[in-house]
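One structure is given below, encoded as structure tokens.
The chains referred to below are lettered A, B, ... by the order of the sequence lines, with proteins before strands, and numbering in each begins at 1.
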Amino acid sequence: MGTTDAGPASAGPAGADTPETNRISHPLRPGRWAAAGLTALVLIWLGWTIAVNPNLHWDVVVAYQFDDVILDGLWVTIQLTVASMVIGVILGVIVALMQVSDSRMLRTGAMAYVWFFRGTPLLVQLIFWFNIALIFPEIGLGVPFDGPKLVTWETNALVTGFVAALLGLSINEGAYMSEIVRAGLRAVDPGQQEAAAALGMSRAKIMRRVVLPQAMRIIVPPTGNQFISMLKTTSLVSVIAGADLLTVAQRLYLTNFEVIALLIVASIWYLVLTTVASIGQYFLERRFSRGFGGTVPDTLRGRIGRNLRFSGLAR
Amino acid sequence: MTAPMVQCRALRKSFGRIEVLRGIDLTIARGQVVCVVGPSGSGKSTLLRCLNHLEEPQSGRVYVDGELIGYEERGGTLRPLSDARLRRQRESIGMVFQRFHLFPHRTALENVMEGLVAVKGIGAADARRRAAELLDRVGLADRAQHYPAQLSGGQQQRVAIARSLAMEPKLMLFDEPTSALDPELVGEVLAVMKDLAATGMTMIVVTHEMGFAREVGDHLVFMDEGLIIEQGPPREVLGAPRHDRTRAFLSKVL
């Protein structure tokens, strides 16, 4: 006791001689390395089989990738997606405002709409719109309840494959969008409306200048997902001759029997569209997160990867 | 003699079966600073919210600057005012909330500009200049470009006061303006309010800050269970309360 002069400051638990180390060494993880190696092997093997498989006809893929017919179909797919999303968002906002309204009738109407269009398959709705002429052979403008009509049109002339597709996709989308918009509206602190009202703002201005901009932060990410999902969902309209990307690919392979090659052509275009849309979504989200810490919840690369994992038929 | 700035007559308000205000009569002269104190649930905030018609009373009347708030008298009954006329009344009554309620998607400067642009219809450049002056007045000129999330609670509340003042109100309502603040931030907000009181603004302040009530307040109102129990000069009410309930409350907070 008390024979050494080593003070408590100089002696660590390891002893006074060895200097303290701050280096942290992690153990090897053999399981992870094995799994990574296996994954790489499977990927390389898959790539190799695809590349050398003579049944895939890569020359046909290359020949058709920028074919005029394919590009026409691509353009229809883009038009259908954008148009039905725009109409869907407008419908969604209107229906969401009905859902949060004070009027029970408006709320009931909105609820019935969402219930019906979310409760039946989109495919059934599309076929229904395509065959609408079976129920209403003529569409007219005039007094309701069988009153006199100003003008009438043949339904079949009016509702082409494209129009039926647009009706089906946008009305269905409106039902989903209304739920997204409603969630966004409800996420805004009611105190915001009070503060704006206390300043003397009108209801319309409170909604437009205070509530909706804040709700957008909640609304934009799932809407981006809906848009990307819609890019792929449009392929459903091939059953009603919608002239979209998949329809024209099918028309081509029914004549030249290059089924797989043309499906690959279509798939490559779908991948391109989804990737481009994901980049747009990233910048849109960054724009609407102003004032909320300014951080984007995701990296650009992560977002693209995540969106590609969504399946077009997942709904 | 001019009309009082605020006059409440037999004001009653219930939420469902719970009666929160049970007949409030209150007169506040121009330029007075009135502090309203009382236990939680006594109806203080509800009273304040009836004054700018954020809450619709069941019965009774509120006059601000001689004008009946929220209703017009026609054929012996009170009818709700049109939205446009109610908005004009609210324009001239500023309100500061316990939880600030700044617009999170707008910078401090834009928050102060919001009423000028969206309600008064003032051009952006003009509004910007006036908003900057007001931020300077509450000591936040250097925080103009910050979003509310980047400001401390005390700074947010000062922006909220500037936002209300931008509307050039004749009456300012403060609903527990310092209750959501960390103790060390209370002083800066009270200092801004004291400056405002010195300009002759009529202020009604629901608060637990007895020091502020004593020092800045001209009049103190003690409420309990939806009624005004006692009122008078702050030093008298705080120093020599006449009512048992006032004494019981003050013994807990002083």
* Would Met167(B) and Leu199(A) satisfy side-chain contact (heavy atoms from CB on, under 4.5 Å), going step by step from the backbone distance to the final call? -> CA-CA 7 Å; Met167(B) 305 305 289; Leu199(A) 284 177; 3.8 Å; yes
* How close do Ala198(A) and Phe97(B) get, heavy atom to heavy atom, and via which atoms? -> CB-CZ, 4.2 Å
* Asked: Given a strict heavy-atom distance threshold of 4.5 Å, which part of Leu102(B) is in contact with chain A: side chain, backbone, both, or neither?
  -> backbone
* If you look at every heavy atom in Ala197(A) and Arg90(B), which pair is closest and at what distance? -> O-CD, 3.2 Å
* To do: Assess whether atom CZ of Arg107(A) is packed by more than 12 heavy atoms of other residues, nucleotides or ligands within 6.0 Å.
  => yes
* **Winner by heavy-atom pair count (cut-off under 4.5 Å) against chain A, out of Glu114(B), Met95(B), Arg99(B), Gln150(B)** => Glu114(B)
* Nearest heavy-atom pair of Arg163(B) and Ala195(A): which atoms, and what distance? -> NH2-CB, 3.6 Å
* Would you give the length of the straight line joining atom CD of Glu194(A) to atom CG of Asn52(B), rounded to the nearest 0.5 angstrom? => 9.0 Å
* Does any heavy atom of chain A fall under 4.5 Å from the side chain of Ile93(B), the backbone, both, or neither of them? -> backbone
* To do: Give a yes or no on this: more than 12 heavy atoms of other residues, nucleotides or ligands lie within 6.0 Å of atom CZ of Arg87(B).
  => yes
* Structure fact -> Cut-off 4.5 Å, heavy atoms of chain A, and the answer for Arg88(B) is neither
* With a 4.5 angstrom heavy-atom cut-off, could you sort out which part of Phe103(B) is near chain A: side chain, backbone, both or neither? => both
* Main-chain N/O of Arg209(A) paired to His105(B) side chain as donor or acceptor, under 3.5 Å -> yes
* Asked: Taking everything shown except Lys170(B) itself, do over 12 heavy atoms lie less than 6.0 Å from its NZ?
  -> yes
* Heavy-atom donor-acceptor pair, Gln89(B) side chain to Gly200(A) backbone, under 3.5 Å -> no
* Do side-chain atoms of Lys205(A) reach the backbone of Ala118(B) as a donor and acceptor pair under 3.5 angstrom? -> yes
